[in-house]
Asker: 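One structure coming up, written as C-alpha cells, with questions to follow.
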Amino acid sequence: MQPNNYDYIKIEQKWQKEWFEEKIYESKKENLKKFFIHFAYPGVSGYLHVGHMRGFTYCDIIARYKRMLGYDVLYPAGFHASGIPSIGFAKKVERKDETTLKDLKNYGVTNEVIKKLSDPSEVVSYFGNVYVEDYWKKFGFLIDYSRIMSTISEGYKKFIQWQFYQLKEKNLLIQKPHFAPFCPNCGPVAVDKSETDILKGGSAEILEFTTIKFKMKDGTILPAATLRPETIFGVTNMWINPNVDHVKAEINGEVWILSKEALEKLTYQTKDVKPLNETISGKDLIGKTCVVPIVDREIPILSGPFADPNVATGIVMSVPAHAPYDWIALVESKADIEALTIIDVKGFGTNPAKEVCDKFEIKSQTETEKLDLATEEVYKKEFHTGYLNENCGIYAGIKISDIKDAVKNELIDNNQAIVMREFSEEVVCRCGGKVLIKQIPDQWFIKYSDEKLTSESKDYSNNMNIFPQEYKDELPGILDWFDDRACIRKGSWLGTDFPFKKGWIIEPISDSTLYPAYYIISKYINENKIKGKDLDNEFFDYVFLGKGKAKDSVWEDIKNDFDYWYPVDINLGGKEHKTVHFPVFLMNHVAIMPNEKRPQGIFVHWWVTQKGKEKISKSKGGVEHINEAATTYGVDAMRLYYAHVGSPFVDIEWDSEAVTKYKNRLASIYKMIGHINKFKDLKDENLDNWLKSKLQRTIKKSIDAFENFDLRVATNEIFFECQKNLQWYIKRGGSNKKILNDFIKTWTKLMTPITPHLSEELWHRDNNEFVSNEKYPIFSEKEIFEKEEVGEYLLSKVTDDISEILKVTKIKPKKICIYISPAWKQDIYKKAIKLAEENKLNVGQIMKDVMSDPKMKALAKQVSQFVSKLPGEIMKLNENDKKRYLIDMKEYNYLKKSIEYLSDIFSCEIDIYSSDDKNVNDPGNKIRFAIPLRPAIYIE
RNA sequence: GCAGGGGUAGCCAAGCCAGGUCAACGGCGACAGACUCAAGAUCUGUUCCUGUAGAGGUUCGGGGGUUCAAAUCCCUUCCCCUGCACCA
C-alpha cells in the first residue's frame with residue numbers, strides 16, 4: 001500500500017467487494033433494539049442524477065451510525081415501478097427518441113438490450129438493476145439487498161389489493177364525479193411539468209368557471225363563464241363575437257347558444273348534452289337582450305370581436321366598472337351604457353376599472369399586456385380589501401374574499417349556473433390533439449377528507465419525530481387541506497388492478513403508502529420461502545393485524561419479523577413528498593394499522609439544484625451522471641459533500657469544484673494519517689491530555705448532532721474540527737505514539753458513517769474486522785482535561801495577540817515579554833463571576849469586598865479602575881468563558897512550558913513574567929494591561 | 001387564490017428556534033509566501049474599512065421597536081423561490 005497515494009477507486013472496490021460478499025448489510029435480530037429506516041423509493045424513470053443520491057446518502061449515513069450504536073438496523077429499498085414513467089421511457093425507445101437512445105448507448109447498453117426496452121416491464125428490470133448495482137452498491141450503501149422489491153411484482157399487488165379491501169371495510173373508499181385531463185384520441189393523460197404525456201402545457205391548472213345562464217326572451221340560454229361570479233351584480237351587457245358562428249345545443253333540457261369549441265368541451269363534462277345542428281351567427285345575436293339572473297335586469301347584447309370562442313363558452317358577460325377589458329371595450333363600442341359599481345374598495349372611486357385604465361394609459365383593447373396588469377391590480381385590491389355595496393342585495397356589505405362561493409352556490413342551487421372546467425393554458429397531447437377535461441361520473445376516491453381519519457392523523461403526527469421542525473408544524477395544516485384522492489384510473493399504466501372495478505388500475509400515489517411493511521415480506525419472497533400468488537387477505541390479516549391463525553411456520557416467521565421491525569422509525573424523502581406522499585403514508589397507516597405500528601418519524605430533505613437554483617433536468621444541460629461523478633470524485637468525497645455542503649433543509653447547488661475540494665480533503669487526511677507512523681515517540685503530558693480531551697469533545701458533539709439527525713454539524717466536527725485539533729497538536733510538537741494511535745483509531749470510527757471506504761482502509765492497517773461493524777465511540781468524562789483545554793486556549797490567545805501586534809506595527813521582534821496578570825486580578829475575576837451567577841454583581845459590592853483585605857489598600861487605585869470595567873465584561877461572557885476563568889490553572893507555569901513553541905513560531909527570544917514578582921523588567925509599562933487569560937505583551 | 005420556504009460579506013453557504021463565544025463555521029474565488037526547473041496539486045498566512053501595540057469603526061434585504069446587548073426576538077415594508085393532486 002502506498003501510504004501517500006489515495007487511490008480511492010481501488011479502496012472503494014476492495015471494501016465494497018468484502019462488505020457485500022460477507023453480506024454485512026443483512027439485518028439481523030440480535031440486540032433487542034431496532035431501527036427501521038428507508039427512503040421514499042425512486043420511481044423508475046431512467047438514469048438518476050447526482051441530486052437523487054443526496055437523500056439516499058443521508059439514509060445510509062444515519063443507518064450506519066445507528067448500527068454502530070448497537071441497533072439492529074433494517075434499511076431496505078425498492079423501486080416504484082407503477083404509473084407512467086417506465087411506460088413513458090418504453091414509448092421513447094419505441095419511437096426511437098434520439099436523446100433516449102443516445103443516453104442508453106453512452107451508458108454502454110447494447111442494441112439488443114435497447115430493443116427490449118420498448119417493453120415497460122423490461123425497463124423496470126433494467127433500471128432496477130442499474131439502481132442497485134451502479135448506484136447503491138457503488139456508494140457503499142448497506143441496504144439490505146435481500147429485500148429488494150418492486151411495486152409491479154405479484155406479491156406486491158396482492159398486498160395493495162389487501163390494503164384496498166381494508167380501506168373499503170373502513171368506509172374510506174367512496175365514489176363521486178371527477179374531472180381529469182383527457183385526450184379524445186389517447187384517453188387519460190397526465191398534465192405535469194415533466195410533460196411525459198404531452199407536448200405543451202405542463203404547467204396548466206384546471207380552472208373552475210362559474211357558467212351563468214342569461215335567458216333571452218325566447219327562453220334560450222346564453223352562458224357566460226366567469227371566475228368572478230360575485231360581479232354578476234355589476235353586469236351591464238353581454239359581449240358576443242359577431243364573426244363567430246355559434247351553435248345551439250340542448251343541455252340538461254334547456255337550449256343553449258355557445259361556441260362550437262365550448263360545446264365540445266362541455267360534452268365531456270356534462271352528461272345530458274345534445275347538439276341541435278343549428279348554427280347562429282354572432283351578428284344575429286347582437287342587438288338582442290337577455291336577463292341577468294338574481295337581479296332580473298334586462299341587458300343588451302353588444303358586439304365584442306375580442307370574445308374568443310376557444311375560451312370557456314365564447315360568450316362574455318361585461319362588468320365595466322370592475323374589469324378593465326370590459327371597460328375599454330365599452331368605451332370603444334361607444335354604446336350608451338353606464339358602468340355599474342358594485343364594490344367599494346379603498347384607493348378607488350366609483351369606477352375602479354376606468355381609473356386603473358387611465359393610470360396605465362390604456363386606450364385600446366389591443367394593449368393586452370397593460371390590460372392584464374390592470375386587471376391583476378384591480379382584482380387583487382378588490383379581493384383583499386373590497387366590500388360589495390348596496391347594489392348587491394342580500395350580499396351588500398360582505399367582503400369579496402368571503403363572498404365568492406356564496407354567490408356561486410346560490411346560482412348553482414337555483415339552476416342559474418353550472419361549473420365548467422378549463423385549463424389555464426392550452427394543453428396539447430403527444431398525438432398532437434388538444435387535451436380536454438373529462439368527467440368520470442363514478443370515480444373511486446380514497447376519502448382523506450374523513451374527519452375522524454384526519455383528526456386522528458393530526459393527533460398522531462404530534463408525537464412523531466419529524467425533521468425539520470418547520471415541516472412538523474406545517475403537517476397538521478396539510479392533513480386538513482388534503483382532500484379526497486381519485487385512486488384509480490384507466491389506460492396504459494403499470495400498477496395493481498383495482499379489486500372493485502374491472503379494467504381500472506390503482507394509481508401510483510395510492511399504491512405506495514403502507515409499502516415499508518412489504519419489505520418484511522419481500523425477503524421471504526426473494527428467498528423463495530413463500531410465493532407471491534399465495535399471499536391472500538387472510539395472510540395479510542394475520543401478519544399485519546394479528547387476526548386469524550398462521551397457516552404454516554413461514555407465516556409465523558413473517559409475523560414475528562413484522563412485530564420486531566415495525567413500525568418505521570424514519571421515512572426519508574425529498575421535499576416534493578411534503579404534500580403528497582408523506583400525508584398519505586401517515587394517513588393510511590393511521591387508517592389501517594394499530595397504534596403501535598404507525599410511523600415514528602419522517603425526515604424531509606431538500607434538493608440538489610443546478611447553478612442558478614434550477615431544478616436538475618436533462619433538458620437544461622443536466623449534471624453529471626452518478627457513475628461518472630463517482631469515478632471523478634470518489635464516492636466518499638461525494639458522501640462528504642452531501643453531508644457537509646449545506647443543511648439538509650435547503651436546496652444546494654451542484655458544484656463540481658466543491659466536490660473536488662472535498663476529495664482533496666480526504667486525500668490530505670489519508671496522507672496525514674499515513675505520515676504519523678514516522679513520528680518520534682515523545683511525551684508531553686499537557687499536550688497529550690489536551691488532545692484526549694478534544695477528542696472527547698468531538699465524540700460528544702458528533703453524537704449530540706447525530707441524535708438530532710443534524711448531519712452537517714456532526715460532519716463538521718468530525719472532518720473539520722477534529723482535523724484542526726490534530727494539526728494543532730502536531731504543530732505544538734505533540735508526538736506521543738500511543739495517544740496518536742488511539743486518536744486515529746477513534747477518529748476513524750467517527751468518520752465511518754460518512755466515509756466508510758476511507759475508514760475501512762485506515763482501520764485495516766491495524767485491524768482485521770470491519771470498522772463498519774465496530775461500535776461508535778462513547779463519550780468519557782474521565783478523558784476530559786479542563787486545565788489543559790484552558791492552557792491551550794490561553795496559548796492560542798497569546799499567539800493571536802502577538803501576531804496582531806506584529807501585523808499592525810510591522811516590527812521584526814528581537815524579544816517578546818509576556819506578563820501574566822497578578823493574582824489579585826484573578827481572584828477578583830473569579831469572585832465577580834460567582835457574584836454574576838447569583839445576579840449580585842455590582843461595582844460597590846466588589847470594591848468593599850476586596851478592600852477588606854488590608855494588603856490591597858496600596859493598590860486601591862488600580863483595583864477601582866479594574867473593577868469599574870468588570871460588570872460590562874462579565875456580562876458578555878458565555879457559560880464556557882465563565883467556566884474557563886473558574887478553572888484553577890497556573891497561567892505562568894503553562895506558558896513557561898510553552899516557551900520553546902512560542903520562540904519557534906516567532907523566531908525570537910521569549911520571556912514570561914508573573915506580575916506578582918517584585919522587580920519585574922517592564923520597559924514598555926505594559927503590566928497594568930494584563931488581565932486573566934489575557935497576559936500583557938511587550939515586543940522589542 | 002391556498003400553503004410553505006428564503007433574502008448573511010466578491011460567490012456558495014452555516015448561524016436565527018434557546019439574544020452575548022459573531023467581523024460572523026466551512027468552501028470557492030482573490031492576494032502573499034513555502035515546495036517545484038516550471039505548471040498543477042499541496043501547505044502556511046491574509047482577504048469589510050481604518051490603524052506603527054493586541055484597538056476602533058461600519059455590516060447580516062429596507063424601516064421601526066424591545067434589551068445593558070440583536071444577523072438572532074417583535075412590528076412593518078420590499079424582493080425572490082417552491083408545492084397544489086392523478087406527476088412520481
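The chains referred to below are lettered A, B, ... by the order of the sequence lines, with proteins before strands, and numbering in each begins at 1. Scope of the values below: all heavy atoms of this structure, side chains included, with no hydrogens, waters or symmetry mates.
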Asker: Do A/Glu721 and A/Lys701 sit within salt-bridge range, that is, some charged N less than 4.0 Å from a carboxylate O?
Answerer: no
Asker: For A/Glu721 and B/G27, give me the distance from atom CD to atom P, rounded to whole Å.
Answerer: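 Value for this atom pair: 10 Å.
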Asker: If I pick the P atom on B/C35 and the same atom on B/G40, what distance separates them, to the nearest angstrom?
Answerer: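 Their P atoms lie roughly 16 Å apart.
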Asker: Rounded to the nearest Å, what distance is computed from the CD atom of residue A/Glu657 to the P atom of nucleotide B/C12?
Answerer: 14 Å
Asker: Using atom CH2 of A/Trp654 as one end and atom P of B/A13 as the other, report the distance to the nearest whole Å.
Answerer: 15 Å
Asker: So does A/Arg884 pair up with A/Glu786, basic N to acidic O under 4.0 Å?
Answerer: no
Asker: Heavy atoms only, 4.0 Å cut-off, all strands: where does A/Val584 land among base, sugar-phosphate and nothing?
Answerer: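 The answer is nothing, as A/Val584 stays clear of every strand by at least 4.0 Å.
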Asker: Spell out, as yes or no, whether a donor-acceptor pair under 3.5 Å connects the side chain of A/Thr513 to the backbone of A/Ile509.
Answerer: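 Looks like no, no N/O pair under 3.5 Å.
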Asker: Under 4.0 Å, heavy atoms only, any strand: does A/Gln469 hit a base, just the sugar-phosphate, or nothing?
Answerer: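 Counting heavy atoms under 4.0 Å across all strands, no contact is made by A/Gln469.
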Asker: In terms of the nearest nucleotide of RNA chain B, which residue is placed more toward the 5' end: A/Glu470 or A/Cys487?
Answerer: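 This one resolves to A/Glu470.
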Asker: Apply ring pair (Phe, Tyr, Trp, His ring centres under 6.0 Å) to A/Phe179 and list each qualifying residue two or more places apart in sequence or on a separate chain.
Answerer: none
Asker: May I ask you to check whether A/Gln723 and A/Arg665 show a side-chain donor-acceptor distance below 3.5 Å?
Answerer: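 Looking only at side-chain atoms, A/Arg665 and A/Gln723 do form a donor-acceptor pair, the distance falling under 3.5 Å.
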Asker: B/G83 pairs with which nucleotide, Watson-Crick or G-U wobble, both distances below 3.5 Å?
Answerer: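 Here B/G83 is engaged in a pair, and the nucleotide opposite it is B/C2.
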Asker: Write down the distance between CH2 (A/Trp607) and P (B/A13), rounded to a whole number of angstrom.
Answerer: 16 Å
Asker: Expressed as a whole number of angstroms, how long is the span from A/Glu205:CD to B/A85:P?
Answerer: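 After rounding, the reported distance stands at 7 Å.
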Asker: Please classify the nucleic acid contact of A/Lys724 as base, sugar-phosphate, or nothing, using heavy-atom distances under 4.0 Å.
Answerer: sugar-phosphate
Asker: Using atom P in both nucleotides, what's the gap between B/G65 and B/C12 to the nearest angstrom?
Answerer: 31 Å
Asker: With both distances under 3.5 angstrom, what nucleotide forms a Watson-Crick or G-U wobble pair with B/G54?
Answerer: none
Asker: Hey, does A/Gly83 reach any base, or is it just sugar-phosphate, or nothing, if we go heavy atoms under 4.0 Å?
Answerer: sugar-phosphate
Asker: So what does A/Trp493 touch, heavy atoms closer than 4.0 Å: a base, only the sugar-phosphate, or nothing?
Answerer: sugar-phosphate
Asker: Only counting residues at least two apart or in another chain, list the ones meeting side chain to side chain contact (heavy atoms under 4.5 Å, CB included) with A/Pro508.
Answerer: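 In terms of side chain to side chain contact (heavy atoms under 4.5 Å, CB included), with neighbours along the sequence ignored, A/Pro508 is linked to A/His80, A/Ser82, A/Arg489.
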Asker: Pick out the pairs of N or O atoms, protein on one side and nucleotides 42-52 of chain B on the other, that lie under 3.5 Å.
Answerer:
residue	atom	partner	partner atom	Å
B/U42	OP1	A/Asn664	ND2	2.5
B/U52	O4'	A/Val808	O	3.3

Asker: Identify the nucleotide, in any strand shown, that forms a Watson-Crick or G-U wobble pair with B/U42, with both distances under 3.5 Å; if there is none, say none.
Answerer: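 Paired with B/U42, as far as the under-3.5 Å criterion goes, is B/A34.
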Asker: Counting only Watson-Crick pairs (N1-N3 plus N6-O4 or O6-N4) and G-U wobbles (N1-O2, O6-N3), all under 3.5 Å, who is the partner of B/U72?
Answerer: none
Asker: Among B/A14, B/A88, B/A53, which nucleotide sits nearest the side chain of A/Val650?
Answerer: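 Minimum distance to the A/Val650 side chain belongs to B/A14.
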Asker: So, using side chain to side chain contact (heavy atoms under 4.5 Å, CB included) as the criterion, who are the partners of A/Glu789 when residues are at least two apart?
Answerer: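 Checked A/Glu789 against side chain to side chain contact (heavy atoms under 4.5 Å, CB included); matches are A/Trp690, A/Ser693, A/Arg697, A/Ile784.
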Asker: In Watson-Crick or G-U wobble terms, both distances under 3.5 Å, what is the partner of B/G29?
Answerer: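 Because both required distances fall under 3.5 Å, B/G29 counts as paired with B/U47.
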Asker: Contact class for A/Val713 vs. all strands (heavy atom < 4.0 Å): base, sugar-phosphate, or nothing?
Answerer: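 If one applies the 4.0 Å heavy-atom cut-off, A/Val713 turns out to touch nothing in the nucleic acid.
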Asker: What does A/Ile478 touch in the nucleic acid at a heavy-atom separation under 4.0 angstrom: a base, only the sugar-phosphate, or nothing?
Answerer: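 Contact class for A/Ile478: none.
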Asker: Round to the nearest Å and state the distance from A/Lys578 atom NZ to B/G5 atom P.
Answerer: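 Interatomic distance, NZ of A/Lys578 to P of B/G5: 7 Å.
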Asker: Does A/Ala486 or A/Arg884 map to a spot on RNA chain B nearer the 5' end, using the closest nucleotide for each?
Answerer: A/Arg884
Asker: Measuring only the C1' atom in each nucleotide, how far is B/A9 from B/G5? A whole number of Å is fine.
Answerer: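 Each nucleotide's C1' atom is 23 Å from the other's.
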Asker: Students often get this wrong, so: under 4.0 angstrom with heavy atoms, is A/Glu507 touching a base, only sugar-phosphate, or nothing?
Answerer: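 It contacts base atoms.
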Asker: Under the side-chain hydrogen bond (donor to acceptor under 3.5 Å, both in side chains) test, which residues partner A/Lys176, sequence neighbours left out?
Answerer: A/Asp484
Asker: Which whole-number value in Å describes the distance from A/Ile652 CD1 to B/G26 P?
Answerer: 19 Å
Asker: Expressed as a whole number of angstroms, how long is the span from A/Phe929:CZ to B/A55:C1'?
Answerer: 11 Å
Asker: Excluding sequence neighbours, so at least two apart, what forms ring pair (Phe, Tyr, Trp, His ring centres under 6.0 Å) with A/Phe423?
Answerer: none
Asker: Watson-Crick or G-U wobble partner for B/G19, using a 3.5 Å limit on both distances?
Answerer: none
Asker: For A/Tyr662, report the nucleic acid contact type (base, sugar-phosphate, nothing); a contact means any heavy atom under 4.0 Å.
Answerer: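 Nothing, no heavy atom under 4.0 Å.
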